[in-house]
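Every chain is numbered from 1 and lettered A, B, ... according to where its sequence line falls, protein lines coming before strand lines. It should be emphasised that the depicted structure is a prediction, and the values quoted were computed from it without experimental measurement.
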Amino acid sequence: MSTLENGTRRSPAIHAPGEREITFGQAIREAIAEEMARDESIFLIGEDVAAAGSVFKVLVGLLDDFGPDRVIDSPISEAGIAGIGVGAAITGMRPIVDIMFGDFTTLVMDQLINQAAKTHYMSGGKLKVPMVLRTTLGASRRSAAQHSQSLHALFSHIPGLKVAMPATPYDAKGLMKSAIRDDNPVVVFEDKMLYQEKGPVPEAEYTLPLGQADVKRTGEDITIVATSSMVYVALEAADKLDSIGISAELIDPRTTNPLDTETLVQSAQKTSRALVLDEGYRQYGVTGEIASVIADGAFYYLDAPVKRIGAMNVPVPFSPAMEDLTIPSSDYVVETAKALCG
Amino acid sequence: MSEKKENMPNEPGLDAEHWLQAYEQMVKIRTFEETANELYTSARMPGITHLYIGEEAIAVGICEALRQDDYITSTHRGHGHCLAKGAALDKMFAELLGKEAGYCRGKGGSMHIADQETGNLGANGIVGGSAGIATGAGMSIKLRGTDQVAVCFFGDGALGQGLLYESMNMAQLWKLPVIYVCENNQYGEYTHNSKAAAGSMVGRASGFGVHAQAIDGQDIRTVHATARLLIDRARKGGGPAFLVCNTYRFHGHHVGDIDRPYRTREEEAEWAKRDPLKLLEDWLAKSQHVEADVFQRIQQDVKTAVDEAVDFALDASFPNESEVDRHVYA
Ligand SMILES: Cc1ncc(C[n+]2csc(CCOP(=O)(O)OP(=O)(O)O)c2C)c(N)n1
Ligand SMILES: [Mg+2]
């Protein structure tokens, strides 16, 4: 994973210099720990989340801090723990359900889509489901087709669910805290390649609203919209574009549902060109929705069609010789941006 | 059926030569896995892998009772099943290294080896994910009217998955020739099964009326004798069976799990005394008077074959870029 070069700030508007830096994984852990300390109705359940502190070691220490009643190792029963999450949420708890790999969210589809997402509406607003389902996305770990998918588009499609996909430690912490406090089911997708990524996170308490995009870099010539780890690919591309005289503005929606359409449209109106980048499949992916929002809102300002870049429409192959081909690269982003600006 | 550790009588008809063949298969798996571990630690293998070391008696004991046209479904810890069902060393290693000469042209890797020529319908990265597939193969056998059998391998962790129970219920309803083999190596990742599986393991299947029993998975003679009975029964229309094989993985959950803080070195040492290869060696030496140099020769021959296979795989080429979007659709 590329880190930020040339001292580029991820969120120039938000951070002051001299802040402490922590990793993305630590940010997630801090968010959960702070919220659990604040609100006793929060509990965490998942496979190897307690004693082992999760397979990505993100949750180490929570068991010691909060005990086995609130940090619970479950059997390998994804549908079951999601169901327990829904039922507990309806009856006054605030569960955080941990699904180890995003690929395994397919096992919880009914509980999430038919139950969690519908309960508030079907009950005429009487019942609510304040639960968080946290899981992963992202390829490039040589883990093959069943441990590498980015399935956030499936959930972004569903009214009643919210979907967050933070890129930076700062965003991860702020969005996770808001997700936990939200009265709706929120799915948080964390790129497993980002857990070791460091960034500034203030010591002081803060939250970030769900549905507010962040301008990761300002620019004049083209808007690049990127999600999760693709933000880093886009930053790398923006640096390369800079060196050939193209100034790119980088917007991270941070949540795909709700989507901050205003920030996206305003940026595209300013730059008159837009490119949308996401690690999910291009076909029927979140890039389609975002591109359409921009095309609608900035139509009279655009000098070129809105372009989309996503993962290749294939199951993620194991072999390194093939896997890397399926993930968007900064060079490809640069080429696409150059063509749009040409 | 009660949860009891049964010691099946040793099948008559099986002579020392037969058991030496089984021994060779176990040595092959052991050596393959040790080599895979070396490939990982020397950074020559992409990704991670789950070693089958310690559990060899189960795959070999069961697959030696199967015909080539019988089916198996396998797991993330699948190398042993694939090899026991007849997979070739060179194509296995090539797949682990992501090479085009591998069983799946480098697309699947360690966790997804499939080889329909030996009846291997595929390893699976989803815990319990193959319960439905094996049962579907059983359905197909019944509808096509053959006398094949399907064996579904899975770990004790898969007992948490609802699909297994839906599948076993239907297999019993329709008398499908499926043997559900639970490799109970005590842990699912870092969690002991006492914290993950309530009640009786065999009771889960006997509740559906499925023939269920638990056996010593370290003793290949027990595994094999039991497998022969259950497979024969299924072949003749007697329906499914559920077999819990008690065992232990001698290494970590995967090759990167070195410290193993979730279990004690004492527990590991206890199980190490019940090394399935050693148990068979001891029995062959004592009861069949096989000399020590016979075992050594087998080990050496296997090592030579494994070394050749690794060289082949290391030298093999990666797939072309054009391979990447082939096989998305049939
Ligand atoms: C549905 C699903 N959930 C979680 C995982 C992650 N995972 C991989 S292996 C494993 C443990 C499996 O334990 P068990 O079935 O006992 O097999 P063992 O590894 O012990 O052979 C887990 C939880 C997975 N692959 N699939
Ligand atoms: Mg196990």
For this session: Tell me whether the guanidinium CZ or amine NZ of Lys85(B) lies under 6.0 angstrom from the six-membered ring centre of Phe153(B) and within 45° of its axis.
Result: no
Exercise. Is any side-chain N of the basic residue among Arg142(A) and Asp324(A) closer than 4.0 Å to the acidic one's carboxylate O?
Worked result: yes
For this session: Measure from NZ or CZ of Lys192(A) to the centre of the six-membered ring of Phe56(A) and say whether it is under 6.0 Å with the direction within 45° of the ring axis.
Result: no
Problem set entry | Interatomic spacing from CZ in Arg134(A) to OG1 in Thr105(A) - rounded to 0.5 Å | 14.0 Å
Exercise. Which bit of Tyr190(B) is near chain A, if near means a heavy-atom gap under 4.5 Å: side chain, backbone, both or neither?
Worked result: both
Seminar exercise, completed: If one checks every heavy atom of Leu164(B) against chain A at 4.5 Å, the contacting part turns out to be neither
Exercise. What option among Val127(B), Asn320(B), Val328(B), Ile126(B) has the most heavy-atom pairs under 4.5 Å with chain A?
Worked result: Ile126(B)
Exercise. When only pairs under 4.5 Å are counted, which of Pro261(B), Ala198(B), Pro319(B) shares the most heavy-atom pairs with chain A?
Worked result: Pro319(B)
Seminar exercise, completed: Of the listed Gly102(B), Gly106(B), Ala197(B), the one with the largest count of heavy-atom pairs under 4.5 Å with chain A is Gly106(B)
Exercise. Aromatic ring centroids of Phe93(B) and Phe312(B) under 6.0 Å?
Worked result: no
Exercise. Checking heavy atoms, do the side chain of Glu78(A), its backbone, both or neither come under 4.5 Å from chain B?
Worked result: both
Seminar exercise, completed: Per-residue tally against chain A (heavy atom, under 4.5 Å) across Asn124(B), Leu97(B), Asp257(B) peaks at Asn124(B)
Exercise. Which bit of Ala51(A) is near chain B, if near means a heavy-atom gap under 4.5 Å: side chain, backbone, both or neither?
Worked result: neither
Seminar exercise, completed: Bottom line for Thr326(A): the part with an atom under 4.5 Å from chain B's heavy atoms is side chain
Exercise. Using 30° and 60° as the class limits, which term best fits the ring planes of Phe189(A) and Phe155(A): parallel, tilted or perpendicular?
Worked result: tilted
Exercise. Is there a donor-acceptor contact under 3.5 Å linking the side chains of Asp278(A) and Thr287(A)?
Worked result: no
